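Working notes, beginning with the structure itself.
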Amino acid sequence: MEPISVLTDIGGKKLELTTGIVAEQASGSLLAKIGETAVLATATMSSKPREGIDFFPLLVDYEERMYAAGKISGSRFVKREGRPSDEAVLTSRVVDRSLRPLFPKELRNDVQVVLTVLSVDGENDPDIVSIIAASAALMISEIPFYGPVAPFRISKVGSKFIINSTYKEREESTLDLVVSLKEDKAVMLEALSKEATEEDVLKALNIALENSKKVFSLQQELAQKIGKKKIEVLKASPNEKIEKRINDEFSKKINEAIFGTKSEIKESLNTIKEEIKESFLEEDEQKEAIDIFDDKVHQEVRNNILEKEKRPDGRKLDQIRDLTIKVGVLPRTHGSAIFGRGLTKALTVTTLGSTADVQILDTMEEDATKRYMHHYNFPPYSVGEVRPLRSAGRREIGHGALAEKALISVIPEKEAFPYTIRVVSEILSSNGSTSMASVCGSTLSLMDAGVPIKSPVSGISIGLVTSKDEKKYKLLTDIMGLEDFSGDMDFKVAGTKNGITAIQMDNKLQGIKLEILKEALGLAKKARLLILEKMLKVISKPRLELSKYAPRIDKLMINPEKIKDVIGPGGKVINKIIEETGVEIDIEPDGTVMIFSANPEANKKALEKVKDLTREVQVGEIFTGKVTRVLDFGAFVELFPGQEGMVHVSKLGKGFIKDIRKVVKVGDTMKVEVLEIDSEGRVNLIKKG
């Protein structure tokens, strides 16, 4: 196939899609470029559906390549790319969430989208390029796909909104919003902000919508030029006989079973499921009957909400579940809290460390460090299941990153609070929106640890149920598990009393209209402020004192030229101080010295040693020191460790001294005053008293 390229201009930047030159054996493949950031996208699908599954098996892989930035991995032992970084996992999730709702619900063939970053220019983030590339690769393939998708990053810098902002612009922004659009609807939404208003979020969404037609048209133009016919997905009709029996015999039971607590609903539905299995003895009939039953359960939940405003646990549509709020729940940790809404409960623990504990990020872009981290764990017991414990998966990484986003803007600057901060959320029990429970738990835990956060943060999830024609809908505050599974949207919003700090939106429709999101933002604000009010009744502000088990920090500034004196040859001096005192010492190029330990006396001792090594003598200062050497022309006195001065024989007393050794000897204590510091830095003294 001859190479085909299409291009357009988005926000003053050229977007180019080229196919026919890469990965020709994939169903769809192309190279997408914005600036000098280039991503190869491939889309492939298995020839047959996967047997025995009731979900669409989509796999999105985002592959970072260090060569894309002209770098070799910083690891001393492993130079080949290995396990994806957290950033790569998060980008995979953003792409996945932008695409998944736009496939036929009946599709059971494995679909894999692979995105390989071939070039990065340090300005344009590959994530936006990757979403466009993935959407376009699917558009030109035979794979059934209801695209295209138009993704945008909208940042607010000052009063200006910038389309597809650079890394530098994002650093200066108060709002960094990523949205994927399908026609006039949002399919996926993420935002990181510094207390942005709901109005700013909506304005950013509208700016993306106004610029989306070019991106849609570009992909459609390429698809028309390629001209591949989509594979038709046949929708299997349910067995009418089995469906009728389920409706006739079990509808009433199902409608009664979907109300109550999570355990009551689970037990009732399992009982009905067993009855259905006994009613349909043929294996094929039994499987289809269970599938119809599951669909019936979801439909009954939806109908009750949509038609009667009746939720499974009996709450009003805008009602929050009962809250559990406790702080200081663990005796030896630096900060801890439990936050719960109904059956959802998160234990969040804060640990404070030294600046040496920062996480070093070895990425395609500029290497960096993180001093605030949030990690999220979702053990199987939280949902009453048994499964092997493994390392964090995509879900855990994604939820941890969302909670981290929600708090990062209120974490104090290093200058004010020079600790490395790690927060870990252990989900003790899950029944909907554990990530927002983690956000609330993080705020409580940080305040319990005495971290002077700028403002407390809370979070809430808003759900959605729509009619088939999407003309009628109901929004739900604080969705529980069954509502999440049966509903159409999970819209998570975190923020302070002043504004939004993070947003994440997923949906199961082919997008959500902006007017619905506007209403959801209003509900979220009302709910999170109510939750925040309840949290602050338990702990109103960060504790004034750190835990006695937390490390203490003493800080001083030294002349940068004196750093070598503190470190010593081969680190000999600093290592000796660390060995003698048991502290950690971190020295920065500007001369900032930070000393860490849980023992205040050890800190004080180490601090004095550093002061002595770096202290600069001033004319007129008076010292009492020991004589270290006696020569014919004078005596040398140690003013403090590492610093000597000389008392000339003429300055040892009144009159002429014929033999200095009769007047002074090594080991004598002498009170002296600094007379002068000569051009070579030598200190001249005079004896006092």
Side-chain angles (χ1 to χ4, degrees), residues 192-195 323-341 345-355 357-359 370-377 399-428 434-460 492-502 528-529 531-553 596 598:
L192 167 65
S193 62
K194 298 174 182 177
E195 300 180 312
L323 301 179
T324 302
I325 303 171
K326 296 179 181 179
V327 296
V329 294
L330 299 176
R332 295 283 299 210
T333 59
H334 302 162
S336 60
I338 289 178
F339 180 86
R341 294 184 322 277
K345 287 186 175 63
L347 165 67
T348 304
V349 181
T350 296
T351 306
L352 304 178
S354 71
T355 52
D357 293 321
V358 296
Q359 182 182 2
K370 283 174 68 174
R371 59 177 283 266
Y372 170 67
M373 299 154 275
H374 187 287
H375 297 142
Y376 167 103
N377 295 317
H399 279 37
L402 176 58
E404 187 174 295
K405 277 184 178 182
L407 274 295
I408 188 68
S409 64
V410 302
I411 296 296
E413 281 76 18
K414 182 180 177 181
E415 293 72 22
F417 192 74
Y419 286 91
T420 297
I421 306 165
R422 181 178 183 239
V423 178
V424 180
S425 290
E426 305 283 356
I427 303 306
L428 306 178
T434 54
S435 61
M436 292 298 98
S438 298
V439 168
C440 298
S442 295
T443 290
L444 296 165
S445 179
L446 286 164
M447 291 201 294
D448 183 54
V451 178
I453 58 174
K454 299 171 188 176
S455 188
V457 177
S458 61
I460 195 67
K492 306 180 184 81
V493 185
T496 68
K497 64 179 181 180
N498 301 316
I500 295 166
T501 56
R528 75 168 197 270
L529 291 179
I531 291 171
L532 192 58
E533 181 184 340
K534 301 282 187 182
M535 289 164 56
L536 295 180
K537 286 182 179 178
V538 176
I539 182 167
S540 61
K541 59 183 179 180
R543 299 196 190 282
L544 298 177
E545 293 289 331
L546 301 182
S547 162
K548 64 181 180 180
Y549 302 110
R552 265 47 180 182
I553 295 180
F596 303 81

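Please read all numbers here as calculations on a predicted model, not as lab measurements. Excluded from the calculations below are hydrogen atoms, water molecules and symmetry mates; all remaining heavy atoms, backbone and side chain alike, are included.
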Test log, rule side chain to side chain contact (heavy atoms under 4.5 Å, CB included), inputs R341 and I460: CA-CA 10 Å; R341 294 184 322 277; I460 195 67; 4.2 Å; yes
Tell me the closest heavy-atom pair linking P331 and Y549, and the distance in Å. O-CE1, 3.6 Å
How long is the span from the OG1 atom in T443 to the CD1 atom in I453, to the nearest 0.5 Å? 5.0 Å
Check whether any side-chain heavy atom of M447 sits under 4.5 Å from a side-chain heavy atom of V327, and report yes or no. no
For S435, the side chain to side chain donor-acceptor pair (under 3.5 Å) test, sequence neighbours excluded, returns none
Derivation of the side chain to side chain contact (heavy atoms under 4.5 Å, CB included) call for V349 and E426: CA-CA 8 Å; V349 181; E426 305 283 356; 5.7 Å; no
Sequence neighbours excluded, the answer for salt bridge (Lys or Arg N to Asp or Glu O under 4.0 Å) partners of K405 is E190
Ignoring hydrogens and geometry, is there a side-chain-to-backbone donor-acceptor pair from T501 to A494 under 3.5 Å? yes
Under the salt bridge (Lys or Arg N to Asp or Glu O under 4.0 Å) rule, what pairs show up with a residue in residues 443-455, not counting sequence neighbours? E413-K454, D448-R543
Set of side chain to side chain contact (heavy atoms under 4.5 Å, CB included) partners for S445, sequence neighbours left out: A337, T348, T350
Across all chains, not counting sequence neighbours, the salt bridge (Lys or Arg N to Asp or Glu O under 4.0 Å) partners of K370 are E404
I need the M436 CE to R528 CZ distance, nearest 0.5 Å. 11.0 Å
The reported gap from NZ in K541 to CG in L536 (rounded to nearest 0.5 angstrom) is 12.0 Å
Between CD1 on residue I411 and CD1 on residue I421, distance to nearest 0.5 Å: 4.5 Å
Does the side chain to side chain contact (heavy atoms under 4.5 Å, CB included) test come out yes or no for K537 and I325, once each step is laid out? CA-CA 9 Å; K537 286 182 179 178; I325 303 171; over 6 Å; no
Do H399 and S438 meet the criterion of a side-chain donor-acceptor pair at a distance under 3.5 Å? no
Looking at OG of S425 and CZ of F339, how far apart are the two atoms once the value is rounded to the nearest 0.5 Å? 11.5 Å
How about L407 and V439: do any of their side-chain heavy atoms sit closer than 4.5 Å? yes
Using every non-hydrogen atom in the two residues, find where F417 and G450 come nearest and quote the distance to one decimal. CE1-O, 4.1 Å
Nearest 0.5 Å, what's the CE-CD1 distance between M373 and I408? 10.0 Å
Working for side chain to side chain contact (heavy atoms under 4.5 Å, CB included), residues V451 and Y419: CA-CA 9 Å; V451 178; Y419 286 91; over 6 Å; no
T434: which residues meet the side chain to side chain donor-acceptor pair (under 3.5 Å) condition with it, sequence neighbours left out? Y376
Do S442 and V457 make a side-chain contact, defined as non-hydrogen atoms from C-beta onward lying under 4.5 Å apart? no
What's the shortest heavy-atom distance between I531 and S458, and which atoms? CG2-CB, 4.1 Å
